**Student:** 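Submitted below is the structure of interest, expressed as structure tokens.
Naming: A, B, ... by sequence-line order, numbering from 1 per chain. No experiment lies behind these values; they were computed from the predicted model shown. The basis for the numbers below is simple: all heavy atoms, side chains too, and nothing from hydrogens, waters or symmetry mates.
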Amino acid sequence: MAKPTVSLPQGTRDFGPDIVRKRQYIFTTIRTAFELYGFQPLETPAMENLETLMGKYGEEGDKLIFKILNNGLDKKEQLAREEFEKILQGRNTKAITERALKYDLTIPFARYVAMNQGQLSFPFKRYQIQPVWRADKPQKGRYREFYQCDADVVGSTSLLNEVELATLYAEVFNQLGVPVDIKINNRKILAALAEVCGGPDKMTAITVAIDKLDKIGLAKVEAELSEKGLDQQQVSIIRQYLEITGTNREKLARVKELLGKTETGEAGIRELETVLDYFDPSMQAPPLLIDFTLARGLNYYTGIIFEVKARNVQMGSVGGGGRYDDLTGLFGVPGIPGVGISFGVDRIYDVMDELQLFPADVQMGSQVLFFNLGEQESKTAFTLLQQLRAGNTRAELYHENSKFDKQFKYAEKKNIPYIVIIGTKELAEKTCVVKDLRNGKQISLPLEELLNFSFL
RNA sequence: GUGGUUGUAGCUCAGUUGGUUAGAGCAUCAGAUUGUGGUUCUGAGGGUCGCCGGUUCGAACCCGGUCAUCCACCCCA
């Protein structure tokens, strides 16, 4: 057999039957929860106009957008050569590329809302489960094609939405049995911190630095801040901010002392209090934890922000989201605020696989296999097969009259729990043998009773 | 984008200082076994040693390049 030298683009994967089953289990759990909370489905194209995406994810984000080469460049060779100079200088030009693969689901959703605002009734709650693409260098938990599952509410400033989304996170991870911490913070508190420590223009530098706290430690964070031009007193305030520990209540009390005097700080704290107040404490796991170092990169967030981290496993966040005041403003429709969360299915899969959290029955395809033991025998089996299928039992008939050995092994490999044997003897007696492969027990049944048998 | 790791059968991996015909386990297929699988035994198939080039009488092994992989940084789901 000659070995074909085919391959897959970097960072993309095929999913075989068993993997698809496990992924579908995650998708179904999330989709069901979305529906349960009153969100409506939406799908948008794989590609968007490049200008819809550019500039929305920060400078780094722009570099990670997959751009699509225009068709027909060979017909305008001269123009293409000239315009390509711009690409070499790091600029984009419509003459070379005017479309790109979508980078996340939030911006295309904002584009959709801006285009359809007249038709939508607000608040509009939508969920979206689709792949997105990023030209990142692949590594653990990072792929170039991966699925996001987003739920967003637009057209409402009510904090009840944040509460619902936090609860949605808790519900889904609870159902999947994945141990996580749901971290929560508020961009307003970070803004207040920046106000007190060098002004709003320092906010990005500050958030970038404190975001690294658990990775590089307090000393290096302080060094980085000094380097960015903060004086001793400002660095000291940030140290006090980062050293806040304790329960959510204790943290809020401490941060109130530190930043409660500023208007934005006060508002941010009050919002956090409200959300924590509503969040059902009887839902024990997973907890909603204040994390003042949480910053989140996407620069359109303005209020409460979320991030979900899996416990006991080294993996980036498995979910993230937050409030944005004016996303559609980028598309010429101001005044529509929103808040949303996202689930990273591929990472959730990796975590569940590593911690072996998939239920065993996720793998079950067919429930029953009819053995094929001859022409007359298989005709009888086929009739019964169709009747079982009509009753919603997943069933199949072995494709040819082979030795028992082969038919058994087929069932075993496909993880089919039951087999039905109809041979010459059974045919004559109008019975069949039902065997449970999991425990090796078998019983003989009259044919007509097979339809009432529960193949579980 | 920067740095590192690994690449040998379908899978997991051996392979001596460079030396005849590149091995093992698992998996697959066939037989022992024509109505009872999982255990066991016997046998078989399966390789351009990632790819291209170089050094050498001779390369899986040394060198260069390239591609892919995994990992870290940056950033993120």
**Student:** Enumerate all atom pairs, one protein N or O and one N or O from nucleotides 31-34 of chain B, separated by less than 3.5 Å.
**Tutor:**
unit_1 : atom_1 : unit_2 : atom_2 : d
B:G31  : OP2    : A:K403 : NZ     : 3.4

**Student:** Run the numbers on A:K409 and A:D405 for salt bridge (Lys or Arg N to Asp or Glu O under 4.0 Å), then give the verdict.
**Tutor:** CA-CA 6 Å; A:K409 282 188 171 144; A:D405 189 60; 3.5 Å; yes
**Student:** Could you tell me if A:N186 and A:E271 have a donor-acceptor pair between their side chains, going purely by distance under 3.5 Å?
**Tutor:** yes
**Student:** Regarding A:G319, tell me which of base, sugar-phosphate or nothing describes its non-hydrogen contacts under 4.0 Å with the strands shown.
**Tutor:**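 Sugar-phosphate: the residue A:G319, judged by heavy atoms under 4.0 Å, touches backbone atoms but no base.
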**Student:** Between A:K137 and A:V208, which is nearer to the 5' end of RNA chain B once each is assigned its nearest nucleotide?
**Tutor:** A:K137
**Student:** Classify A:G141 by what it touches in the nucleic acid, base, sugar-phosphate, or nothing, heavy-atom distance under 4.0 Å.
**Tutor:** base
**Student:** Roughly how far apart, to the nearest Å, are B:A59 and B:U20 at atom C1'?
**Tutor:**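 Going atom to atom, C1' in each nucleotide, I get 14 Å.
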**Student:** Would you say the side chain of A:Q10 and the base of B:U69 hold a donor-acceptor pair, judged only by whether the two atoms sit under 3.5 Å apart?
**Tutor:**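 No, no donor-acceptor pair under 3.5 Å.
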**Student:** Any donor-acceptor pair, under 3.5 Å, between the side chain of A:R134 and the base of B:C75, if you only look at N and O atoms?
**Tutor:**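 Under the 3.5 Å cut-off, the side chain and the base do not form any donor-acceptor pair.
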**Student:** Checking all strands, does A:L373 fall into the base, sugar-phosphate, or nothing category for heavy-atom contacts under 4.0 angstrom?
**Tutor:**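 Since no nucleic acid heavy atom lies under 4.0 Å of A:L373, the category is nothing.
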**Student:** Are any of A:Q139's side-chain N or O atoms less than 4.0 Å away from OP1 or OP2 of B:A72?
**Tutor:**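 Yes, such a contact exists.
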**Student:** Check every strand shown and say whether A:K63 touches a base, only sugar-phosphate, or nothing at a heavy-atom separation below 4.0 Å.
**Tutor:** nothing
**Student:** A:W133 has an atom CH2; how far is it from atom C1' of B:A77, in whole Å?
**Tutor:** 15 Å
**Student:** Any idea which of B:G37, B:G35, B:A77 is nearest the A:K409 side chain?
**Tutor:** B:G37
**Student:** Let's go through A:F370 and A:L388 carefully: what are the C-alpha distance in whole Å and the side-chain angles of both, what is the deciding distance for side chain to side chain contact (heavy atoms under 4.5 Å, CB included) to 0.1 Å, and is it a yes or a no?
**Tutor:** CA-CA 11 Å; A:F370 283 82; A:L388 278 183; 3.7 Å; yes
**Student:** What is the pairing partner of B:C62, taking Watson-Crick or G-U wobble pairs with both distances under 3.5 Å in any strand?
**Tutor:** B:G54
**Student:** On a whole-Å scale, what distance lies between the P atoms belonging to B:C67 and B:U2?
**Tutor:**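 B:C67 and B:U2 have their P atoms separated by 12 Å.
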**Student:** For the residue pair A:Y143 / A:D350, report whether a side-chain donor-acceptor contact shorter than 3.5 Å exists.
**Tutor:**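 There is such a pair (donor and acceptor under 3.5 Å, judged by atom type) between the side chains of A:D350 and A:Y143.
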**Student:** For A:F343 and B:A77, say yes or no: do the ring centres fall under 5.5 Å of each other while the ring planes differ by less than 30°?
**Tutor:** no
**Student:** How far does the P atom of B:G19 sit from the matching atom of B:U28, given to the nearest Å?
**Tutor:** 35 Å
**Student:** Mind checking the C1' distance from B:C51 to B:A77? Whole angstroms is fine.
**Tutor:**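 Each nucleotide's C1' atom is 34 Å from the other's.
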**Student:** Considering only side-chain heavy atoms of A:R142, which listed nucleotide, B:G35, B:G38, B:C73, is closest?
**Tutor:** B:C73
**Student:** Could one point to a donor on the side chain of A:Q407 or the base of B:G35 with an acceptor on the other under 3.5 Å away?
**Tutor:** no
**Student:** Mapping A:Y143 and A:T12 onto RNA chain B by nearest heavy atom, which one lands closer to the 5' end?
**Tutor:** A:T12
**Student:** In whole angstrom, what separates A:M315's CE from B:A72's C1'?
**Tutor:** 15 Å
**Student:** With heavy atoms under 4.0 Å as the rule, sort A:E426 into base, sugar-phosphate or nothing.
**Tutor:** base
**Student:** Check the orientation of A:F34 and A:Y127. Use parallel for under 30°, tilted for 30 to 60°, and perpendicular for over 60°.
**Tutor:** tilted
**Student:** Measure the distance from CZ on A:F66 to P on B:C76 and round it to the nearest whole Å.
**Tutor:** 17 Å
**Student:** Under 4.0 angstrom, heavy atoms only, what part of the nucleic acid is A:G11 near: base, sugar-phosphate, or nothing?
**Tutor:** sugar-phosphate
**Student:** Identify whether any heavy atom of A:G61 sits under 4.0 Å from a base atom; if not, whether one sits that close to sugar-phosphate; answer base, sugar-phosphate or nothing.
**Tutor:**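 If one applies the 4.0 Å heavy-atom cut-off, A:G61 turns out to touch nothing in the nucleic acid.
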**Student:** Considering only the C1' atoms, how many Å lie between B:G54 and B:G15, rounded to the nearest integer?
**Tutor:**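 After rounding to an integer number of Å, I get 24 Å for this pair.
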**Student:** Should A:R296 be listed as having a side-chain N or O under 4.0 Å from OP1 or OP2 of B:C75?
**Tutor:** no
**Student:** Under 4.0 Å, heavy atoms only, any strand: does A:L437 hit a base, just the sugar-phosphate, or nothing?
**Tutor:**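 Base contact.
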**Student:** B:C75, B:A77, B:C71: which one has an atom nearest the side-chain heavy atoms of A:E60?
**Tutor:** B:C75
**Student:** Using whole Å, report how far CD of A:E145 lies from C1' of B:C76.
**Tutor:**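 It is 17 Å, rounded to the nearest whole Å.
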**Student:** For A:R21 and A:Q24, does a side-chain donor sit closer than 3.5 Å to a side-chain acceptor?
**Tutor:**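 No, no side-chain donor-acceptor contact under 3.5 Å.
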**Student:** What nucleotide among B:C75, B:G35, B:G38 has an atom nearest to a side-chain atom of A:T424?
**Tutor:**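 Output: B:G35.
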**Student:** Given the ring of A:Y103, does A:R134 sit roughly above its face, with NZ or CZ under 6.0 Å from the centre of the six-membered ring and within 45° of the axis?
**Tutor:** yes
**Student:** Any chance the side chains of A:D325 and A:Y301 put a donor and an acceptor closer than 3.5 Å?
**Tutor:**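 Side chains of A:D325 and A:Y301: no pair found under 3.5 Å.
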**Student:** I need the A:K414 NZ to A:L369 CG distance, nearest 0.5 Å.
**Tutor:** 8.5 Å
**Student:** Between A:E195 and A:T264, do the side chains contain a donor N or O and an acceptor N or O under 3.5 Å apart?
**Tutor:** yes
**Student:** Rounded to the Å, how far apart are A:I341 CD1 and B:C76 C1'?
**Tutor:** 17 Å
**Student:** Roughly how many Å is it from CG in A:D136 to P in B:A72, rounded to a whole number?
**Tutor:** 13 Å
